[in-house]
2 protein chains.
Amino acid sequence: MRKQRQKATLVDVAAMAEVDVSTVSRVLRGQSEQRIRAETRERILEAAEKLNYRPNFTARSLRMSRTFTLGIVVPQLDNPVFSAAIRGAENLAAQHGYSLLISHRDLGEAATTIAKLSQMNRVDGLLVASLDADEVLHSDLAEANVPYVLLNRQLSGAPFSVVLDSREAARKATEYLVSLGHRRIGHLGGRLGGFNAAERLAGYRAALDAAGIPFDPALVTMGDYTFGAGRKAVRELVRTDATAIMAATLVSAAGAMAELRLAGWQLPEEMSVIALHDADFAEMLFPALSTVMMPTEEMGRVAADLLIRKLAGGNPEPVRALPPGSLMIRDSTVAPRPGAPRSK
Amino acid sequence: MRKQRQKATLVDVAAMAEVDVSTVSRVLRGQSEQRIRAETRERILEAAEKLNYRPNFTARSLRMSRTFTLGIVVPQLDNPVFSAAIRGAENLAAQHGYSLLISHRDLGEAATTIAKLSQMNRVDGLLVASLDADEVLHSDLAEANVPYVLLNRQLSGAPFSVVLDSREAARKATEYLVSLGHRRIGHLGGRLGGFNAAERLAGYRAALDAAGIPFDPALVTMGDYTFGAGRKAVRELVRTDATAIMAATLVSAAGAMAELRLAGWQLPEEMSVIALHDADFAEMLFPALSTVMMPTEEMGRVAADLLIRKLAGGNPEPVRALPPGSLMIRDSTVAPRPGAPRSK
DNA sequence: AAACTATGGACAATCGTTTGTTCATAGGTA
DNA sequence: TACCTATGAACAAACGATTGTCCATAGTTT
């Protein structure tokens, strides 16, 4: 037996229950329960059930001027950081009856995307992740005229951000290398000028300072966060006497390790490597990569929560910093060899 | 100077241009251009521009009973296969003015998700990816009563599928190993009973047959497609005289290589490994993994295209099979060593 | 000059909800 | 008995577009 093909509307339910649509609406929304006689409520509920009634979201949206949809803009989808954030955001959104509209356009087109989503009232608010602080983005968001939350980024003028405490994460990672006995520690960082890159560098220096190890600029290389950049950057590091590397991301660490292996280095004996962020693929590398976990899924969740609270008329705190997670000690970090450091 | 805070509606534009809203609508939708005087059109366009008018998507959706939104349901987000498919789908959808609503719930909840999205008219159609053929899914989709396309899966009763030709991909990968001189080739496959697993096995056998190599069941191990399963499965393979492995997925190949290395094997000299699918991380492994590329992004694009054509009233072909892409020869595949195969 | 026909736009209904307001009735109070 | 007050539910007006229909006007035909 087939359910009726046409979707039932409030009108249908009202007709069957012999009441007005407004009454049906009130009963089904579950609000102002007092004003409805129990017997009437029963009748309505029964009719709705029998007709398999489901509210029409579009109509509700139009009437309420709210879409109950959040947009999330990410530069790339295959990056575990973003996919975790999306997962977190979607979970929280779903809990509050919101859906997630996704857009992965890169920054060039992000402007268009943001404009489209917001100006056409497709979303109530936006979650925006980006790879590097982009000022165009900012003005577009300002003009878009919808509430938005920045992910792992702080921009002057942006109302809300949720960021990972990358300074503390970098400090923690470096501190661990120090605790293993390393004193010449390279840092494979991100673009100079980027907010997070500076934060990580600060954390790196803090750990060095705490251990009384002098800071040596020659041990710091900057690049973007790609595999290729990791490979390239490590070529500078091998000319120093570094015995360990603290890399900003998994992929740059992977690049570094690949390059070192190609150059004939024994890992981890001749070079320890630790990276920030964690994902399944850390353990697929060789040697399995030690990391400091970062709560990226949590970041997505918190950002969505912030946005939804804001939309509900709340007044959430403008910026939330999430502390790093635990140290994942795998096989890529060992104590430095007692002898002289390898030199090329 | 700030744009007016309130978004302009058709009514505002109509008032400024001193015409009826219906006229404005017709002009702005660009249709039936003949019936409007050029001078009037000018006036309307100008007013719309001046007011920075943007159509309200929700209102349009309600009136037209179409959301111009596609839902995509994936079991996981961090899997490169799915993120590529999403990327492809989103790109194509955007080209046609559609947005993508994402949902990553795993199968248990997929039912709920599907129901929610479709019954509440949030989407016009669904793109559904799953890890294993799931019958619950099917009935839920049938009841959902919206057009849908299955990704890389065929289910009896499902109206549309777009699949990757994994049989041909497996054949191609195996053929390559044969061409290198391997004759004892292991296969690390997926769950027996799964549609794709059977296809891959068939491709594997086809390549063997073509080369006149007898099929040996001992060389075939099945499991799910995870890293752990790859590790476990390879322990059986090392007891055979296999000199090469054709793995169903990147991660299972990664698992196999990790396990082999731990057992002290020299890669790729003592064991060649090739996998189906390709992603950045294939080259981050050690040794960099040879693969047969699979057009997963294309799959997403084709699926979205199919769905949109269907929604437009077209009559697209029910199933599309996409041929595998090219062979990515990296460092994990070499000719077998001339001597006797290693045995444990 | 009368009648017809395009042409250009206005009118109005509609999509399915939500929600402020009104209204009838019943019970309670003075 | 007359009046007031809750109570429960109907009425009706939105939300902002799309689209079928109708009606002037001007131009064309006979």
Side-chain angles (χ1 to χ4, degrees), chain A residues 4 6-45 47-48 51-69 97 118-124, chain B residues 4 6-45 47-48 51-69 97 118-124:
Chain A
Q4 52 290 326
Q6 282 302 335
K7 282 173 183 158
T9 71
L10 272 192
V11 176
D12 302 320
V13 178
M16 175 174 277
E18 297 182 300
V19 294
D20 189 82
V21 288
S22 61
T23 308
V24 179
S25 173
R26 284 188 239 263
V27 167
L28 263 26
R29 294 305 311 267
Q31 54 183 196
S32 50
E33 306 222 343
Q34 348 300 358
R35 316 286 291 172
I36 311 284
R37 216 188 317 162
E39 191 265 333
T40 309
R41 170 192 318 288
E42 268 326 301
R43 224 167 56 236
I44 291 173
L45 258 23
L51 291 170
N52 191 31
Y53 170 77
R54 293 290 177 281
N56 181 313
F57 221 87
T58 305
R60 175 180 293 175
S61 293
L62 177 58
R63 176 59 227 253
M64 301 179 76
S65 309
R66 307 191 42 192
T67 61
F68 294 97
T69 300
S118 56
Q119 293 185 340
M120 296 185 82
N121 295 14
R122 292 192 85 137
V123 298
D124 292 338
Chain B
Q4 53 290 327
Q6 283 302 337
K7 284 176 182 157
T9 72
L10 271 193
V11 176
D12 302 321
V13 178
M16 176 174 276
E18 297 181 301
V19 293
D20 188 82
V21 288
S22 62
T23 309
V24 179
S25 173
R26 285 188 237 262
V27 167
L28 262 27
R29 293 307 309 269
Q31 53 182 196
S32 51
E33 306 223 344
Q34 347 301 359
R35 316 286 292 169
I36 311 285
R37 216 187 318 162
E39 191 265 333
T40 309
R41 170 193 317 289
E42 268 326 302
R43 224 165 56 235
I44 291 173
L45 256 24
L51 291 170
N52 190 31
Y53 171 77
R54 292 290 177 283
N56 181 313
F57 221 87
T58 305
R60 175 179 296 175
S61 292
L62 177 58
R63 178 59 227 257
M64 301 179 76
S65 312
R66 307 192 40 193
T67 60
F68 294 97
T69 300
S118 55
Q119 294 185 337
M120 297 186 81
N121 294 12
R122 292 191 83 139
V123 298
D124 293 338

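Every chain is numbered from 1 and lettered A, B, ... according to where its sequence line falls, protein lines coming before strand lines. Values in this document were obtained by computation on a predicted structure and should not be read as measured data. Heavy-atom basis, side chains included; hydrogens, waters and symmetry copies ignored.
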Which pairs, protein N/O on one side and nucleotides 20-23 of chain C N/O on the other, fall under 3.5 Å?
from, atom 1, to, atom 2, distance (Å)
C/dG20, O6, A/Arg26, NH2, 2.3

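Residues satisfying the side chain to side chain contact (heavy atoms under 4.5 Å, CB included) test with A/Leu62, not counting sequence neighbours, are B/Thr58, B/Ala59, B/Leu62. Contacts of B/Thr69 classified as side-chain hydrogen bond (donor to acceptor under 3.5 Å, both in side chains), with partners at least two apart in sequence or in another chain: A/Arg122. In this view, B/Glu39 and B/Arg37, B/Arg43 satisfy the side chain to side chain contact (heavy atoms under 4.5 Å, CB included) rule, not counting sequence neighbours. Partners of B/Asp124 by side chain to side chain contact (heavy atoms under 4.5 Å, CB included), not counting sequence neighbours, listed by chain and number: B/Arg66, B/Thr67, B/Tyr98, B/Leu311.
Side chains of A/Thr9 and A/Asn56 form no contact here, defined as non-hydrogen atoms less than 4.5 Å apart. A heavy-atom distance below 4.5 Å is not found between the side chains of A/Val24 and A/Tyr53. Using a 4.5 Å heavy-atom threshold, the side chains of B/Val19 and B/Val27 count as separate.
In this structure, A/Arg43 atom CZ and D/dG8 atom P are separated by 14 Å, rounded to whole Å. In this structure, the CG atom of B/Asp20 is 13 Å from the C1' atom of D/dC22, given to the nearest Å. When rounded to the nearest whole Å, the span between CZ of A/Arg60 and P of C/dT17 equals 8 Å. Going from atom CE of B/Met64 over to atom C1' of D/dT19 covers 10 Å, rounded to whole Å. In this structure, B/Lys7 atom NZ and D/dC15 atom P are separated by 15 Å, rounded to whole Å. When the C1' atom of C/dT19 is taken as reference, atom CZ of A/Arg66 falls 15 Å away, rounded to whole Å. For B/Asn56 and D/dA17, the CG to C1' distance is 7 Å, given to the nearest whole Å. In this entry the distance linking CD1 of A/Ile44 with P of D/dG8 reads 13 Å, nearest Å.
Of all nucleotides listed (C/dT17, C/dG8, D/dG16), D/dG16 comes nearest to the side chain of B/Leu62.
Here the closest heavy-atom approach between residue A/Asp20 and residue A/Ala14 is recorded as C-CB, 3.9 Å. Between B/Ala8 and B/Leu51 the shortest heavy-atom distance is CB-O, 3.6 Å.
For B/Ser25 and D/dA17, the shortest distance from a side-chain N or O to OP1 or OP2 is not below 4.0 Å.
Each of A/Ala59 and B/Glu39 has a nearest nucleotide on DNA chain C; the 5'-most of these lies closest to B/Glu39.
Remark: B/Glu18 in residues 10-18 of chain B come within less than 4.0 Å of DNA chain C through at least one heavy atom.
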